[in-house]
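Data first, discussion second: the structure below is written as structure tokens.
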Amino acid sequence: MDQREDFLPEQADEDIHSVEVPEVTEAGEEVPEVEEFPADTTAGEVTETEEYSGETVSGEVPATEEYSGETTALEVTGTEEYSGETISGKVTETEEYSGETVSGEVPETEEYSGETVAGEVPETEEYSGETVSGEVPETEEYSVETVSGEVPRTEEFPSEPVTEEVPEREIMSDLEAVDSVSEDSAEIFADMVYGESQPNVPPMFNPFISTGYISQDEKMRQQQLEAERRRKRENRILAVFAAMLVTMLGVSTFGIASDLRRSSRELTGMDGVAPVVLYKNTKPEGANELANFQDENGRYTTEGAAAAVRESIVEIYTYSDSMRKDLVGTGSGVVITEDGYIVTNAHVLQADGYHSVHTTDNRVFSAKVIGRDAKTDIAVIKVNGVKLTPAVLGDSDEVLVGEQVIAVGNPAGLSSTVTDGIVSAVNRKIRGDSTGFEMNCIQTNADISPGNSGGALVNMYGQVIGITSSKYVSSSYEGLGFAITINDAGPIIEELIKKGYISGRFRIGITMIDMSSDSKKDLIEEDLGFDLPENFEGIYITEIDEDFDIANTELKPGDFITKIDDDAVHTYDDLQSVIRSRYAPGDTVTATCAHVDEDGKITTYKIKFVIKEDTSGDF
């Protein structure tokens, strides 16, 4: 403290050095561009300073203003109006300091008076007495003596301190501030005052100074307290909600119990319970008799026509085993004779299968296949030893377009299902899906599902005018159903009953694809692996049965039959019509065949083969 007293304000008027500072500094720092420094300035870098009074000793004091008194090494942030002695600290951007400032870094200071001692005191406010070890930024107006520091751009330091923007600080006396400094800190401050280079000393906590800083532990404690308060609030809310829920349940339970008790008492007090009366009525006597659904001309209503043929439509079940456990298909049938002949579709049956007939009165009988014709999709079976109700067959040539009709069958096992519609068209020539054989059919919009196969298309006089077949149903369009006309089916039914097969049916012994459509031609080219020559036509052979005479000719799978005799053939109908018109089973047929190479070369040759009679009904 004795040496600090040598730098008294009285010396401020004696020696002023405008450019170079005398080499009195012990820190050995360069002090450039100093202007009007009063008294003796010692060892520091003083840049762009103006009008300093007192002696500056060993420290960097930027941008401080108006310090008075002695400042002692303590970092104090946000202070204002310091009086007393400030020791060893970094004083930045503080305002209105009084007392002596010693050895500190004071940036951007102006108007220093008194002695400043090494400390950084930022943003402090209204300190009285001696301030220890703090950082005071943004100070202004320092008076008295400034010791060892870099003092850039300082101006006009009066003796009285003026402080600015120093939030959250308290005013303390010089004695309290000095007492808070430890002996070790005092030694460090003394060294810094006399110009020795010392490391930055961390700020020391003073319990008497409120810094506005909240420690991490304090923050955690506050967060825990807040969490605890939040948890308690949530628990209270949950408790209130649970209480409300329990209350509502209790009230509801009480209300229900009260209603039950009250109802029980009321019922007990009654002599008897009034019966619930359901009002219903019946049709007049005889209303369901068939005669009531038929007019004077014999025309039935829809329900009358359905009733007229109901007992003549049966269900047919086909099994693959004699125990009748393995069901392979179902269909419908029309009883055509009293002694048990039933007409159905050929695709409903199996040649080597087992068949059962279910009547509308829930009787079940075994049935035997009498004959079947795959080309027309018509077959006949017979139930022995029973008396059945035959249907009345009509004349399909009398059918008119727009005439009302019903279809009766057993789709999906639903017996005696009736759908109604009209005749959409007559004399439709429709090919079967499997054989390609063409039949004369009646078109109708009455629904015909797979289970309807073998059922009846009936007019409003209760007459069967067609045998429905799903094989002739259009799969591409809805509302298009077809039934084989009864007039075309009649001769086939009669011959099947008489012979068990259709006479005149022959077999060649080949499996083929004709060229009746572009899609079939594409299928042939896909099988060959190359395109056929343009305008080439014929019947493509895919397989040859070794049991037939044609297997002994030059014809091979992959070749074509192009002619029978001299007549060109390229469809199934062409082949059938030519052979049927000229030959009978057992006759020898002459045919022209062709082999097509991948390069488009066509090689033709002729063959002769014997055709056989077909009694299987499969072809």
task = Give a yes or no on whether a salt bridge exists between Glu226 and Arg229, defined as a side-chain N under 4.0 angstrom from a carboxylate O.
result = yes

message = Is it the case that atom CG in Asn235 sees more than 12 heavy atoms from other parts of the structure closer than 6.0 Å?
response = yes

key: Heavy-atom side-chain contact between Tyr317 and His358 under 4.5 Å   = yes

remark   = Shortest non-hydrogen pair, Ala483 vs Leu457, comes out as CB-CD2, 3.9 Å

task = Take Ile406 and Thr302, measure what side-chain contact (heavy atoms from CB on, under 4.5 Å) needs, and give me the verdict at the end.
result = CA-CA 7 Å; Ile406 60 173; Thr302 301; 3.9 Å; yes

request  = Answer whether the closest heavy-atom distance between the side chains of Ile316 and Asn410 falls below 4.5 Å.
outcome  = no

message = Using 0.5 Å steps for rounding, measure from the CG atom of Leu225 to the CZ atom of Arg230.
response = 11.5 Å

ask   = For Arg324, does the CZ atom sit with more than 12 other heavy atoms under 6.0 Å from it, leaving out its own atoms?
value = yes

key: With sequence neighbours excluded, residues passing salt bridge (Lys or Arg N to Asp or Glu O under 4.0 Å) with Glu285   = none

inquiry  = As an exercise, state the distance from OH of Tyr354 to OG1 of Thr318, rounded to the nearest 0.5 Å.
reply    = 12.5 Å

query = Which heavy atom of Thr360 sits nearest a heavy atom of Ser416, and at what distance?
reply = CG2-OG, 3.5 Å

inquiry  = To check you understand the geometry: which heavy-atom pair defines the closest contact between Ile448 and Thr468, and what is its length?
reply    = CD1-CG2, 3.8 Å

ask   = Within a radius of less than 6.0 Å around CD of Glu218, do more than 12 heavy atoms belonging to other residues, nucleotides or ligands occur?
value = yes

key: Non-hydrogen atoms of Ile313 and Gly409 that approach each other most closely   = CG2-CA, 4.4 Å

task = State the CG-CZ distance between Asp361 and Arg310, to the nearest 0.5 angstrom.
result = 9.0 Å

Side chains of residues 239-248: which donor-acceptor pairs under 3.5 Å do they make with residues two or more places apart or in other chains?
residue	atom	partner	partner atom	Å
Thr247	OG1	Ala243	O	2.6

key: Non-hydrogen side-chain atoms of Asp420 and Val405 separated by less than 4.5 Å   = no

remark   = Separation between CD (Gln222) and NZ (Lys219), nearest 0.5 Å, reads 9.0 Å

query = Should Thr417 and Leu414 be marked as a side-chain contact (heavy atoms from CB on, under 4.5 Å) after you check the CA-CA gap, both sets of side-chain angles, and the distance that decides it?
reply = CA-CA 6 Å; Thr417 297; Leu414 303 175; 3.6 Å; yes

Any side-chain heavy-atom pair of Ser469 and His347 under 4.5 Å = yes

query = Quick one: do the Asp217 and Ser215 side chains pair a donor with an acceptor below 3.5 Å?
reply = no

query = Distance from Gln216 atom CD to Arg221 atom CZ, nearest 0.5 Å?
reply = 13.5 Å

ask   = For Gln443 and Leu480, which heavy atoms make the closest approach, and how far apart are they?
value = NE2-CD2, 3.1 Å

task = Please report the closest heavy-atom contact between Gly421 and Ala446, naming both atoms and the distance.
result = N-CB, 4.0 Å

request  = Kindly indicate whether the side chain of Leu349, heavy atoms from C-beta on, has any atom under 4.5 Å from the side chain of His355.
outcome  = yes

Worked check of side-chain contact (heavy atoms from CB on, under 4.5 Å) between Val357 and Glu315 = CA-CA 6 Å; Val357 172; Glu315 295 179 78; over 6 Å; no

message = Using a 3.5 Å distance criterion without hydrogens, assess whether the side chain of Thr344 forms a donor-acceptor pair with backbone atoms of Ser332.
response = yes

task = Kindly indicate whether the side chain of Leu249, heavy atoms from C-beta on, has any atom under 4.5 Å from the side chain of Val251.
result = no

request  = Mark yes or no for whether Asn445, through its side chain, and Ile422, through its backbone, hold a donor-acceptor pair below 3.5 Å.
outcome  = yes

inquiry  = So Asp326 and Tyr319, do their side chains get closer than 4.5 Å, heavy atoms only?
reply    = no

